[in-house]
Asks: 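Next up is a structure, given as structure tokens.
Below, chain A is the first sequence line, B the second, and so on; all start at residue 1.
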2 protein chains.
Amino acid sequence: MTPVKRPKEVDENFVKEKEAGFADFIQRKGLKTTRQRNTIISVFFRLRGHISVEELLNEVKKVNPRIGYATVYRTLHLLVESNLVEERRFGDGLARYEGHSDVEHHDHMICLECGEISEFFNPRLEALQEKLAEENNFEIFRHRLELYGVCKDKEACNKRKNSKAAEARGA
Amino acid sequence: MTPVKRPKEVDENFVKEKEAGFADFIQRKGLKTTRQRNTIISVFFRLRGHISVEELLNEVKKVNPRIGYATVYRTLHLLVESNLVEERRFGDGLARYEGHSDVEHHDHMICLECGEISEFFNPRLEALQEKLAEENNFEIFRHRLELYGVCKDKEACNKRKNSKAAEARGA
DNA sequence: GAAAGGGTTGCAATTGATTTGCGATTCGAT
DNA sequence: ATCGAATCGCAAATCAATTGCAACCCTTTC
């Protein structure tokens with residue numbers, strides 16, 4: 001298995017690249033650059049993990065409190081359309097967004113106890129999927145694989161669960 | 001690849017088994033058998049494929065027009081809780097339900113053109129997932145794999161797409 | 001560098017799926 | 001048949017997400 005590691009610190013080059021990519025997209029589409037969009041994407045690409053709209057909006061509001069849900073939603077749609085961001089749904093009923101192409105395609109393992117989402121990538125898995133599609137006369141554009149279960153390391157798992165619970169009470 | 005085949009005809013034994021399983025569950029939980037629940041599960045297990053709540057309600061209303069959304073939703077939740085039915089979401093924003101354990105666990109290929117959902121199962125894929133989880137110190141309870149793409153058989157694909165479009169106009 | 005045209009924003013209202021409150025009804029153990 | 005609890009049906013509420021619209025702000029043009 002190849003666990004996917006995300007950089008720990010904000011990579012300014014990465015952010016710049018994304019911002020440039022978005023500017024390109026905006027231009028190609030004949031849309032406009034705006035203060036709000038800049039704020040949103042700048043904040044978004046400095047976050048890591050699987051961001052919900054609410055989480056993103058909270059961060060965005062720290063920069064510009066007048067930005068509301070609608071603009072965040074609309075900008076996120078543009079980001080998805082521009083292929084700079086992927087939308088995911090893990091069954092808790094709300095969409096999460098992930099800046100990708102830094103870490104290449106990957107799949108997810110979701111712990112039902114502590115909520116930890118780990119990412120992994122395995123070329124044999126990918127190859128096998130291609131093979132199966134081939135046999136079924138099907139062409140894969142993208143796929144989604146999610147493993148739901150629990151961490152075997154109960155100690156670490158409980159720690160995460162508790163810190164999450166504390167967070168929920170506190171905030 | 002092992003495509004999963006569903007029986008073409010309603011299998012009365014299968015339906016009976018499911019009904020019995022549900023009765024068991026209801027009893028264990030100290031809940032009650034009701035006319036509505038009986039109707040809903042009887043109708044549900046005679047349908048095949050990935051049923052949306054609306055589809056199910058339509059069918060149910062043919063038997064008892066007074067049954068409404070709430071009861072169907074509530075019954076479906078019980079069915080999921082009892083493990084007789086699986087809930088799935090394919091990204092079109094509405095839940096679909098599938099009676100399972102007739103056809104064992106399987107994954108999905110979804111054509112983005114014609115909407116066809118095919119099912120498949122591959123033991124190597126399953127084994128590989130287990131292996132990856134093992135290496136990551138993770139225990140899998142369940143997983144979800146969806147391949148999104150297009151049928152290579154354009155003719156069949158278009159036919160399905162058109163018949164679906166016609167249906168939408170007609171109904 | 002002002003005006004024009006069109007995309008964008010923020011807010012509130014809307015949608016669409018799903019859930020819930022509640023009075024009326026039905027179930028099932030006694 | 002009776003009684004308490006579970007269930008139903010409906011309408012109202014919820015929740016995430018979308019949309020209508022008047023005010024606003026980019027960009028291009030002159």
Side-chain angles (χ1 to χ4, degrees), chain A residues 19 22-44 50-58 60-82 85-97 168, chain B residues 19 22-44 50-58 60-82 85-97 168:
Chain A
E19 287 173 344
F22 188 64
D24 265 23
F25 172 77
I26 287 294
Q27 188 128 31
R28 275 203 309 283
K29 289 283 249 181
L31 305 178
K32 286 175 180 170
T33 312
T34 69
R35 201 169 25 274
Q36 293 87 331
R37 284 175 182 168
N38 287 340
T39 301
I40 292 167
I41 68 166
S42 160
V43 168
F44 178 78
H50 306 84
I51 315 298
S52 69
V53 173
E54 196 184 354
E55 285 163 355
L56 178 53
L57 180 62
N58 285 341
V60 163
K61 273 188 180 302
K62 292 179 188 171
V63 179
N64 178 351
R66 307 210 49 229
I67 294 178
Y69 273 103
T71 304
V72 170
Y73 272 110
R74 288 190 273 229
T75 305
L76 244 9
H77 288 327
L78 290 174
L79 282 168
V80 169
E81 197 187 336
S82 73
V85 164
E86 257 182 51
E87 178 179 315
R88 298 190 184 279
R89 287 169 184 275
F90 296 112
D92 58 353
L94 74 180
R96 293 172 180 283
Y97 296 85
Chain B
E19 287 174 344
F22 188 66
D24 265 23
F25 172 79
I26 287 294
Q27 188 129 31
R28 276 203 309 284
K29 290 284 249 182
L31 304 177
K32 287 175 178 168
T33 313
T34 67
R35 202 169 25 274
Q36 293 87 332
R37 283 175 182 166
N38 288 339
T39 300
I40 292 167
I41 68 166
S42 159
V43 168
F44 177 78
H50 305 84
I51 314 296
S52 69
V53 174
E54 195 184 354
E55 285 163 357
L56 178 54
L57 180 62
N58 285 340
V60 163
K61 274 189 181 299
K62 292 179 186 168
V63 178
N64 177 352
R66 305 211 50 228
I67 294 178
Y69 273 103
T71 304
V72 170
Y73 273 110
R74 289 190 273 231
T75 305
L76 243 9
H77 289 327
L78 289 175
L79 283 168
V80 170
E81 197 188 335
S82 73
V85 164
E86 257 182 51
E87 178 179 315
R88 299 191 183 278
R89 286 169 184 276
F90 296 111
D92 57 353
L94 74 178
R96 292 174 179 283
Y97 296 85

Asks: Could you pull out all donor-acceptor pairs under 3.5 Å where a side-chain atom in residues 30-39 of chain B meets a protein atom, sequence neighbours excluded?
Replies:
from	atom 1	to	atom 2	distance (Å)
B:T34	OG1	B:R37	N	3.1
B:R37	NH1	B:K32	O	2.6
B:N38	ND2	B:T34	O	3.4
B:T39	OG1	B:R35	O	3.0

Asks: What residues from residues 67-78 of chain A pass a heavy-atom cutoff of under 4.0 Å to DNA chain D?
Replies: A:A70, A:Y73, A:R74, A:H77
Asks: Can you see which heavy atom on B:S52 is nearest to which on B:L94, and at what distance?
Replies: CB-CD1, 4.1 Å
Asks: Give, ordered by number, those residues of residues 29-44 of chain A having at least one heavy-atom distance below 4.0 Å to an atom of DNA chain D; if nothing qualifies, reply none.
Replies: A:K32, A:T33, A:R35
Asks: Does some side-chain heavy atom of A:V80 sit less than 4.5 Å from a side-chain heavy atom of A:L76?
Replies: no
Asks: Looking at side-chain heavy atoms only, is the closest gap between B:V72 and B:F44 below 4.5 Å?
Replies: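 No; the side chains remain at least 4.5 Å from each other.
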Asks: For A:F90, check ring pair (Phe, Tyr, Trp, His ring centres under 6.0 Å) against everything at least two apart and list the hits.
Replies: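 Here the qualifying residues are A:H50, A:H108.
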Asks: Hey, where on DNA chain D does chain B first and last touch, going 5' to 3'? Cut-off is any atom under 4.0 Å from a heavy atom.
Replies: D:dG4 to D:dC10
Asks: Just how large is the angle between the end axes of the helix from C:dG1-D:dC30 to C:dT30-D:dA1, five pairs per end, to 10 degrees?
Replies: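 So the angle between the two local helix axes works out to 30°.
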Asks: Applying side-chain contact (heavy atoms from CB on, under 4.5 Å), name anything that partners A:S42, two or more places apart in sequence or on another chain.
Replies: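 By the side-chain contact (heavy atoms from CB on, under 4.5 Å) rule, A:S42 matches A:E19, A:R46.
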Asks: Quick one: salt bridge (charged side-chain N to carboxylate O under 4.0 Å, His left out) partners of B:E87, sequence neighbours excluded?
Replies: B:R89
Asks: How many angstroms lie between atom CD1 of B:I41 and atom CZ of B:F25, to the nearest 0.5 angstrom?
Replies: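 With rounding to 0.5 Å, CD1 (B:I41) is 11.5 Å from CZ (B:F25).
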Asks: 5' to 3' on DNA chain C, which nucleotides open and close the contacts with chain B (atom under 4.0 Å from a heavy atom)?
Replies: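 Contact span on the strand: C:dA17 to C:dG28.
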Asks: Would you call B:L56 and B:Y97 a side-chain contact if the rule is heavy atoms closer than 4.5 Å?
Replies: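 They are not in side-chain contact.
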Asks: Just verifying a value: how many Å separate A:K61 NZ and A:N58 CG, rounded to the nearest 0.5 Å?
Replies: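 Separation between the atoms: 8.5 Å.
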Asks: Do any pairs count as a side-chain hydrogen bond (donor to acceptor under 3.5 Å, both in side chains) and have a residue in residues 65-81 of chain A, sequence neighbours left out, and if so which ones?
Replies: A:K29-A:E81
